[in-house]
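Report on one structure; see the data block that follows.
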There are 2 protein chains.
Amino acid sequence: MNSDCTIYNTVDLISKRWTLLILLELHRGGGGRKRYTELKSGLFDISPKMLSERLRELEKAGMIAKTVDASRVPIRTDYELTEMGKDFMPVIRSLKGWALKWKGDNRVCSKVECAECNLK
Amino acid sequence: MNSDCTIYNTVDLISKRWTLLILLELHRGGGGRKRYTELKSGLFDISPKMLSERLRELEKAGMIAKTVDASRVPIRTDYELTEMGKDFMPVIRSLKGWALKWKGDNRVCSKVECAECNLK
DNA sequence: CAGGATCCAAAAGGATACTG
DNA sequence: CAGTATCCTTTTGGATCCTG
């Protein structure tokens with residue numbers, strides 16, 4: 001369509017399955033670094049293929065940063081939100097506000113561990 | 001995943017291809033009613049199947065309203081944003097703000113008629 | 001542990017023709 | 001005009017096994 005349109009490309013990135021959930025997962029509990037396996041169990045149904053694919057996309061987009069510590073065995077990898085990624089949270093918050101206002105009768109799910117709802 | 005989670009369901013709705021573009025198209029030029037064909041030519045690459053499918057979804061979600069005037073031939077149909085739909089614009093605006101801040105070097109495409117960028 | 005490689009099923013989307 | 005119906009291609013994603 002308009003592959004040189006920033007808005008369109010942004011929508012294209014964030015509208016992919018799991019993407020928002022991964023960002024929320026990285027934001028959970030005050031942010032900070034999270035391991036691949038940690039993310040994987042937080043998003044408990046995701047396949048390794050999907051997770052690494054999305055992580056690659058998000059890293060390329062500049063929303064997350066990857067740190068590898070190869071000095072130890074096994075290799076340790078961490079992911080965290082960049083400033084750009086953190087700054088995206090208000091967008092999600094805005095979406096949540098809208099949903100709470102207009103879809104309130106469906107109510108936000110009550111599970112404490114629901115990554116989708118876990119945005120303050 | 002969590003089909004009873006409002007946030008998740010919202011993301012699921014709006015992240016579908018064309019959905020945001022249709023909303024923007026309905027918002028264009030001060031809002032107001034738009035005909036099916038009008039929308040179709042505004043989103044010039046969309047297939048009739050996609051357009052009617054998305055319109056149905058959005059209507060069901062309560063974001064747009066459909067008006068049919070069968071008293072005349074040919075039948076005239078109009079679509080417009082509901083209050084819920086209009087109230088969604090700040091969410092898109094928030095997304096655009098983020099994109100302009102962080103993806104500014106890619107710049108928003110300059111075409112005046114670009115529906116994606118046409119949000120004030 | 002942190003993925004990559006493969007294979008396969010399902011869903012999404014496009015093109016086109018048709019209709020009340 | 002405002003779609004529906006059909007067919008077919010492409011994409012997406014899940015399951016699983018493998019490896020440095």
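Just so we're on the same page: letters track the sequence lines, and every chain starts at 1. Scope of the values below: all heavy atoms of this structure, side chains included, with no hydrogens, waters or symmetry mates.
Looking at residues two or more places apart in sequence or on another chain, you find no side chain to side chain donor-acceptor pair (under 3.5 Å) involving A:Lys60. Scanning for side chain to side chain donor-acceptor pair (under 3.5 Å) contacts around B:Asp87 gives A:Lys101, A:Trp102, with sequence neighbours left out. Partners of A:Arg33 under the side chain to side chain donor-acceptor pair (under 3.5 Å) rule, at least two apart in sequence or in another chain, are A:Glu80. Every residue meeting the salt bridge (Lys or Arg N to Asp or Glu O under 4.0 Å) condition with A:Glu83, not counting sequence neighbours, appears here in chain and number order: A:Lys86. Among residues two or more places apart in sequence or in another chain, the side chain to side chain donor-acceptor pair (under 3.5 Å) test is passed with A:Ser71 by A:Asp69. Considering only residues two or more places apart in sequence or on other chains, B:Lys16 meets the salt bridge (Lys or Arg N to Asp or Glu O under 4.0 Å) condition with B:Glu57.
The list of ring-ring contact (aromatic ring centres under 6.0 Å, His included) pairs with a residue in residues 74-93 of chain B, not counting sequence neighbours, reads A:Trp98-B:Phe88.
DNA chain D is contacted by B:Pro74, B:Ile75, B:Arg76 of residues 69-76 of chain B, taking any non-hydrogen atom closer than 4.0 Å.
Through direct or relayed side-chain contacts under 4.5 Å between Ile, Leu, Val, Met, Phe, Trp and Tyr, B:Ile75 connects to B:Val68. Residue B:Val73 shares its hydrophobic cluster (ILVMFWY side chains chained together at separations under 4.5 Å) with no other residue.
Comparing the end axes of the helix from C:dC1-D:dG20 to C:dG20-D:dC1, each fitted to five base pairs by superposing C1' atoms of four pairs onto the next four, gives an inter-axis angle of 50° (nearest 10 degrees).
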Can you give one letter per nucleotide of nucleotides 3-10 of chain C, 5' to 3': B if a protein heavy atom sits under 4.0 Å from the base, S if only from the sugar-phosphate, - if neither? BB-BB---
